[in-house]
Amino acid sequence: MKEHLVIFDTTLRDGEQSPGASMTKEEKLRVARQLERMRVDVIEAGFAAASPGDFDAIQSIAKIIKGATVCSLARSNENDIRRAGEAIAPAARGRIHTFIATSPIHMEKKLRMAPDQVVEAAVKAVHWAREYTEDVEFSAEDAVRSDVDFLCRVFTAVIAAGARTINVPDTVGYSVPSVWGELMRTLIERVPGAEQVVWSTHCHNDLGMAVANSLSAVLAGARQVECTINGLGERAGNASLEEVVMAVRTRSDLFPVQTRIDTTQIVPASKLVSQITGYPVQPNKAVVGANAFAHESGIHQDGVLKHRETYEIMRAEDVGWAQNKLVLGKHSGRNAFKSRLAALGIVFDSEESLNAAFARFKELADKKHEIFDEDLQALVSDEDITPEGEYYKLVYSHVCSETGETPAANVTLTVGGLEQKASGIGSGPVDATFKAIESIASSGAQLLLYSVNAITTGTDAQGEVTVRLARAGRIVNGNGADTDIVIASARAYLNALNKLQFPDRLDPQGDV
Ligand code: KIV
Ligand code: ZN
């Protein structure tokens, strides 16, 4: 009989800490619904004290998610814990995840606290958290560089104070599988009360070993893995959910655990997160990369045709890869549109937004006869709604690009509802369009990344553009999709400018 492995998804918290991956409330709700459909056990929905926007998103997720525990991160201080407690209050099952750093370097240089003060703050934090929920998780940030005796001391104290899950993070992605497994084994052996709690592992991928380290911790007794879709996360990212889940399932001969994940929802989740954050998935990424099940060499193709298992250890359909399906066309009605989107986890809060999306669908169906699920997802994410509404909006664009001539663009935008026109020239039509937009917006933002991907196949496919902008230390991604890539580019640029209007967030790894 296999034990249950808790899948704790932190795409909406640690994943969102990737530069430019910040999501709007509506986007977070869509991701949360998909995580629920995939049957993750815990959704870390954000860090309530970071900003009013984070608080609001966690509370909204807590209201609608019934099939998973909804969790908020909180530093070990009273204000953070109370904000987290209020944010998760509407949840059917709510968790507070509190943390404090335990390594000498973090305690001395960042927290400027003595070890005794750290233990005291951790215990107080767990007591405050228990006023809101029995489900309290404690993390020792930078456990990887902490003294093992001190870790045992902190964990013993927080278990006595009422923590139910003890998380051991490799915050800086420094460990290797043998060492990480050994640490988990030692902690479980040495900490009094270890058998009353769930041991958890949280690994970053700086040396490319986040998944391997997590799996080693599972073999050593961890029964919760903290991970993200597509391995999104701070710096090189977190352990990737899809790799952990498929490793445990595919090598069930090795792992004494099983998850309750509906693996057929993995690829849809990966595509959704990639589309919303603008972080593309590398083609050779395990499980969810476009080439993960493609066989190029003749020998492999021949083998797979004769007997699939010659070169395939997993089935593409088991992780949700399906042939691009023609789902809707120009004659499809509003109800078919609405129910297909509902099947993709996209639910509209008002008739007005449904009607607006349906109008965009009809426009797209006129230009592109075959509409796939990916087109529908882009169509909706394209209408990215910022809390302030769309401050910059594209009304009209015209570009002129001729061999031997300098490309030129004319654009008309509404800026806070008022129409403004401008023109620009550039090294190409996209450059000219961005210059025209900038001559209106004067944002002063620096363009860090511009990328175009075809959403589906064929020359009539929509191009999906990601633009990453930086200003005054803030980095945001904007997305836009259209069959015309210059228009898609203009939309992506404006989407990023709209996001720059958001207030700044606190740094979740910051001081206590
Ligand atoms: O990496 C880390 O240490 C974290 C903690 C807050 C769990 O994300
Ligand atoms: Zn982390």
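Numbers here simply count residues along the sequence, with the first being 1. Counting convention: from 1, in listed order, for ligands and their atoms alike.
On a distance-only criterion, E226 and ligand 1 share no N/O pair closer than 3.5 Å. Residue S139 has no nitrogen or oxygen atom sitting less than 3.5 Å from a nitrogen or oxygen atom of ligand 1, judged on distance alone. Every N/O-N/O distance between H97 and ligand 1 stays at or above 3.5 Å. Checking only distances, D142 never comes within under 3.5 Å of ligand 1, N or O to N or O. At a 3.5 angstrom cut-off on N or O pairs, H202 counts as close to ligand 1.
Under the 30°/60° scheme for interplanar angles, the aromatic rings of Y450 and F434 are found to stand perpendicular.
Using a 4.0 Å cut-off between charged nitrogen and carboxylate oxygen, R95 and E44 do not count as a salt-bridge pair. A salt bridge links E86 with R83: the closest approach of a Lys/Arg side-chain nitrogen to an acidic carboxylate oxygen falls below 4.0 angstrom. Salt bridge R93/D135: absent, no basic N to carboxylate O contact under 4.0 Å. D262 and R37 are not joined by a salt bridge, as no carboxylate oxygen comes within less than 4.0 angstrom of a charged side-chain nitrogen.
Using a 3.5 Å distance cut-off with no hydrogens or angles, the side chains of S76 and T98 do pair a donor with an acceptor.
Side-chain atoms of S18 come within 3.5 Å of backbone atoms of G233 as a donor-acceptor pair (strictly under, hydrogens ignored).
Residue D14 touches ligand 1 through its side chain alone, judged by heavy-atom distances below 4.0 Å.
Heavy-atom contacts of H204 reach the following atoms of ligand 1: 1 (O) (cutoff under 4.0 Å). If you number the atoms of ligand 1 from 1 as listed, the ones under 4.0 Å from a heavy atom of E141 come out as 3 (O).
Ligand 1 lies less than 4.0 angstrom from a heavy atom belonging to R13.
Taking the ring centre of F47 as origin, the terminal cationic atom of R75 falls outside the region bounded by 6.0 Å and 45° from the ring axis.
Because the distance cut-off is set at 2.8 Å, D14 qualifies as a neighbour of the Zn ion (ligand 2) through one of its N, O or S atoms.
One finds an angle of 100° at the Zn ion (ligand 2) between NE2 on H204 and NE2 on H202, to the nearest 10 degrees.
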